[in-house]
Student: 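To start, I am sharing the structure in question, which I have written as structure tokens.
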Amino acid sequence: MVPVTHPGMPRPAKDGEFARADALAGLAREVEGLRRAVDPLREVGGRVEDLARLVGQLADALAAVTARPGPTPAPSWLMAPTDPAAVERVLGELCAWLHAVYLRYPDAAASLPECWLWHPDVVEELVWLMHAWCAAYQGKQASVALAGDWHDRQRPGVVRRIRATAGSCSWERHQTRPEWDQRLRGAVAVPGVDAVASIAGWWAARRDDPAPEPTPAPVGGNGAHPR
């Protein structure tokens, strides 16, 4: 039977055309499914970029902290090297600073004895005070706060201690005269040093027990020693 057609009527579709339409519809559904699956991943990508940026910022901050110079230690006069040239260099720098800064203060000038170089404790005080001044005014971390602390606490403390320990000293105290010798000695012996082993054994293993009794000091000795 021949199908009846009229002008303007749609042409009946063939089986192949239906198949192609079904395939296109299926492909469209797959594309839509992929789009829905990919959309959340786009948000993840944005979060990954944010995290990468944050990690970069933390790395930069860490690099800045590690590159920041730490506190500069002050050299110790009491532990100065045995090289005479190095020791003389320390004293040269100290004398220049004393003239330029420290002795500008009337209380400092009045309390520094003429024999200050013969007092290792005084030299030690002045060396660290000089380096504290350099850190407050000239160091990489120099600040008004450090300068204020130097003026308010550090300098007056050094002046007070020098006045108390050596303020009344003079050249004569360091000179030898017949039947009179009051020159300051070097480092004194540590009292009770012979008891180190006894005390170490007690504190290491029996510190909750009474301490060992000291033995009587020998005649002419400088202290008693625990046994």
Side-chain angles (χ1 to χ4, degrees), residues 61 64-193 195-196 199 217 220-224:
V65 170
T66 55
R68 185 180 304 163
T72 302
S76 171
W77 176 253
L78 300 179
M79 299 295 291
T82 56
D83 179 11
V87 173
E88 186 174 356
R89 184 165 56 251
V90 172
L91 287 180
E93 294 174 353
L94 178 59
C95 288
W97 178 80
L98 290 175
H99 176 72
V101 177
Y102 185 76
L103 295 178
R104 299 280 186 179
Y105 297 88
D107 57 343
S111 61
L112 187 67
E114 57 189 0
C115 56
W116 66 274
L117 281 169
W118 277 259
H119 295 263
D121 58 325
V122 171
V123 179
E124 178 81 350
E125 291 268 22
L126 294 173
V127 167
W128 81 255
L129 186 66
M130 174 182 67
H131 281 269
W133 182 89
C134 291
Y137 282 93
Q138 300 176 345
K140 293 183 179 180
Q141 304 298 320
S143 68
V144 174
L146 289 178
D149 189 50
W150 189 87
H151 283 276
D152 186 59
R153 184 175 60 86
Q154 294 173 344
R155 190 196 69 84
V158 169
V159 170
R160 183 177 61 253
R161 289 190 293 273
I162 291 178
R163 181 187 295 115
T165 60
S168 60
C169 197
S170 63
W171 296 117
E172 290 76 13
R173 291 281 309 270
H174 301 273
Q175 295 174 340
T176 302
R177 291 179 290 182
E179 300 180 357
W180 188 85
D181 183 7
Q182 296 186 18
R183 291 180 298 171
L184 298 180
R185 303 297 180 181
V188 300
V190 179
V193 69
V196 166
I199 293 298
N222 61 354

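We use all heavy atoms of the structure for the numbers below, so side chains are in, but hydrogens, waters and symmetry mates are not. Predicted model, so just to flag it, every value in this text is computed and none were measured.
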Student: How far apart are the closest heavy atoms of Asp152 and Pro156, and which atoms are they?
Tutor: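 Closest heavy-atom pair between Asp152 and Pro156: O-CG, 3.7 Å.
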Student: Write down the atom of Ala142, the atom of Leu146, and the distance for their closest heavy-atom approach.
Tutor: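 Minimum heavy-atom contact is CA-CD1, 4.4 Å.
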Student: So that I know where these two stand, are Trp77 and Trp128 an aromatic pair - ring centroids less than 6.0 Å apart?
Tutor: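 Centroid separation for Trp77 and Trp128: 6.0 Å or greater.
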Student: Side chains of Arg173 and Cys115: does their closest heavy-atom pair fall under 4.5 Å?
Tutor: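 No, every pair of side-chain atoms sits at 4.5 Å or beyond.
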Student: Of the non-hydrogen atoms in Val159 and Asp107, which two are nearest, and what is the gap between them?
Tutor: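 Here Val159 and Asp107 meet closest at CG1-O, 3.8 Å.
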Student: Closest approach of Glu124 and Ser76, non-hydrogen atoms and distance?
Tutor: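 Minimum heavy-atom contact is OE2-OG, 3.0 Å.
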Student: For side chain to side chain contact (heavy atoms under 4.5 Å, CB included), just list the numbers for His119 and His174, CA-CA rounded to whole Å, side-chain angles, deciding distance to a tenth of an Å, and then say yes or no.
Tutor: CA-CA 10 Å; His119 295 263; His174 301 273; 3.3 Å; yes
Student: Name the atoms and distances for all side-chain donor-acceptor pairs under 3.5 Å in residues 82-102, with sequence neighbours left out.
Tutor:
residue: Asp83; atom: OD1; partner: Ala85; partner atom: N; Å: 3.2

Student: Could you give the distance from CD (Gln154) to CG (Asp149), rounded to the nearest 0.5 Å?
Tutor: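 Atom-to-atom, Gln154:CD and Asp149:CG are 4.5 Å apart.
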Student: Can you tell me how far apart CG (Leu103) and CG (Leu112) are? Round to the nearest 0.5 Å.
Tutor: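 Nearest 0.5 Å value for the CG-CG distance: 6.0 Å.
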Student: Considering only heavy atoms from C-beta outward, does the side chain of Val127 approach that of His131 to under 4.5 Å?
Tutor: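 In short, these two side chains touch, coming nearer than 4.5 Å.
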Student: How long is the span from the CG atom in Leu126 to the CH2 atom in Trp116, to the nearest 0.5 Å?
Tutor: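 Here the rounded value is 6.0 Å.
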Student: Can you tell me how far the CD atom of Glu172 sits from the CD atom of Gln175, to the nearest 0.5 Å?
Tutor: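 Reported value, rounded in 0.5 Å steps: 5.5 Å.
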Student: Under a 3.5 Å threshold, yes or no: a donor from one side chain and an acceptor from the other, between Ser170 and Glu114?
Tutor: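 No - no donor-acceptor pair under 3.5 Å links their side chains.
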Student: Output the distance between atom CG (Asp121) and atom CD1 (Ile162), rounded to the nearest 0.5 Å.
Tutor: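 Reported value, rounded in 0.5 Å steps: 8.0 Å.
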